Number of protein chains: 2
Amino acid sequence: MKAATVRSRPNPRRRSAEILAAAAQVFAERGFHGASTQDIADVLGIRQASLYYYFDSKEAALEEVCARGAEGYAEAAAAVAASTGTAADKVYRLIDAHLSPMLDRAAFVMVFQRERRYLPKDSRRRVGRFSRNYERIVESVLKAGVAAGEFRRDLDCRLCALALLGMGNAATHWFNKEPGVTVERLATEFTRLLVDGMTKAPRPPLRRVAA
Amino acid sequence: MKAATVRSRPNPRRRSAEILAAAAQVFAERGFHGASTQDIADVLGIRQASLYYYFDSKEAALEEVCARGAEGYAEAAAAVAASTGTAADKVYRLIDAHLSPMLDRAAFVMVFQRERRYLPKDSRRRVGRFSRNYERIVESVLKAGVAAGEFRRDLDCRLCALALLGMGNAATHWFNKEPGVTVERLATEFTRLLVDGMTKAPRPPLRRVAA
DNA sequence: GAAAAATTCTATAGGTTTATAGACAAAGAA
DNA sequence: TTCTTTGTCTATAAACCTATAGAATTTTTC
């Protein structure tokens, strides 16, 4: 399968990418276990058995789809963390970076989010580590915000990071169903919601509203 | 199956409830399509075929599990909406009510959240309506907060409601994995995060932080 | 304790699904 | 052209899974 020749790869994996995209689409639509290899083949207009030229097993296909779905998240977040700017601005960019992959590989991202738990043990562990690392980076941005005096000192950074990511992940459920939702708009609204809640609050205590 | 006698139902569905709980547990763990009726039977220590005394099909079991998982949400939210108090307080109670079912029927709730899309068309439509109604109620609480002058006038209530619910739903993923997380603590933190972001802000514009 | 109801069992039909083996075809490289 | 690589096909084994039928067993009611 893997050619060992020194140089002869004119079109390395163009078709392979199409196969993978079909798998991602079908896994996203019907769930990993709800999708059959026949379903994938139907999308491509080829025979079910032909798929096995591209992957060794359905689970291996899931692994590849998940890998692409997870790609870049940690790197983008790390870049934000390492950049300069206010913590508030970084939060915006974190959210933006978290949502952006939905634009060009929604199916992959959704499969990574929802189906990774069906990965075989080994790769599940690997993506588990990956996710925790990603969360850690997000958390570190919040912590830095606290350290810089920009966010309130009693902010629960861990919980807040999870909340932020939860909010972002939820967007996959309605991103293409809600009218007029764009990444920028979402990032702006989410940031606005969260940042005020994190910011050191020279704000009067919750006031009672008369009627 | 349904006794037509006038009165003789001493213990209606005690066993039935156990069967359903086992189904919920297995569906939650392995996903609807990843779970076999054999898996459910194993949990109960009975034979696979015996399950069909309790439900007509695997999908019917999913329907019942989802129904229990969705139970009470709209009612609780409606009660909050109809109650008196500040909008901020209502948000707290909305979140609390949203998270509370995780305490006593986590598996059902998780299955409702994640597997309802595999319901047959009819019941899927039904739960779709149910969910939209629930979202609508949450949104109405936010709108009321705006109308009362408590929340900022340009708040995107729809998006904010979705964000709130997304945050809440995400909690199911780590509720029993994160140490020291309780419903009260979550509701408190989430509310604090969101309410400040929604509240009319007599707050200075985001300040630059010098190093 | 006998009748009725509830619950579980055995056995199995019938369908679906993953995956393998090996042939066939096309297209580029030598 | 001939060889090689790439991609697809047919056919099928083997496993698995849902659901039904009807018998057997346990529990409840009278």
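The figures that follow rest on heavy atoms only: side chains count, while hydrogens, waters and symmetry mates do not. Quick caveat: nothing in here was measured; it's all calculated off a predicted structure. Each chain gets a letter, A, B and so on, in the order its sequence line appears, and its residues count up from 1.
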Give a yes/no answer on whether the side chain of B/S50 brings an N or O atom under 4.0 Å of OP1 or OP2 in C/dC9. yes
Open item on the list: Tell me whether B/D154 is salt-bridged to A/R192, with the criterion being a basic N under 4.0 Å from an acidic carboxylate O.
Closed with: yes
Close N/O contacts between protein and nucleotides 19-22 of chain C (under 3.5 Å):
residue	atom	partner	partner atom	Å
C/dA19	OP2	A/Y52	OH	2.8
C/dA19	OP2	A/K58	N	2.8
C/dA19	N7	A/Q48	NE2	3.1
C/dA19	N6	A/Q48	OE1	3.1

Regarding the side chain of B/R47, the nearest nucleotide among C/dT8, C/dT10, C/dT17 is C/dT10
Subject >> Under-4.0 Å side-chain N/O to phosphate OP1/OP2 contact, B/R15 with C/dT8 >> reply: yes
**OP:** Please determine if a side-chain N or O atom of A/Y54 lies less than 4.0 Å away from the OP1 or OP2 oxygen of D/dT8.
**Re:** yes
Counting the atoms with a prime plus P, OP1 and OP2 as sugar-phosphate, which does A/A35 contact under 4.0 Å by heavy atoms, base, sugar-phosphate, or nothing?
sugar-phosphate
TODO: Look at A/E18 together with A/R15 and state whether they make a salt bridge at an N to O cut-off of under 4.0 Å.
DONE: yes
For residues 35-50 of chain B, the salt bridge (charged side-chain N to carboxylate O under 4.0 Å, His left out) pairs (sequence neighbours left out) are B/R30-B/D39
So, with a heavy-atom separation below 4.0 Å from DNA chain C, the residues of residues 20-32 of chain B are none
Residue set satisfying ring pair (Phe, Tyr, Trp, His ring centres under 6.0 Å) with B/F55, at least two apart, ordered chain then number -> B/Y52
Residues at least two apart in sequence or cross-chain that pass ring pair (Phe, Tyr, Trp, His ring centres under 6.0 Å) with A/H33, listed by chain then number, are A/Y118
For this session: Please confirm whether B/H98 and B/Y134 have ring centers closer than 6.0 angstrom.
Result: yes
Sorted by chain and number, sequence neighbours left out, side-chain hydrogen bond (donor to acceptor under 3.5 Å, both in side chains) with B/Q48 holds for B/T37
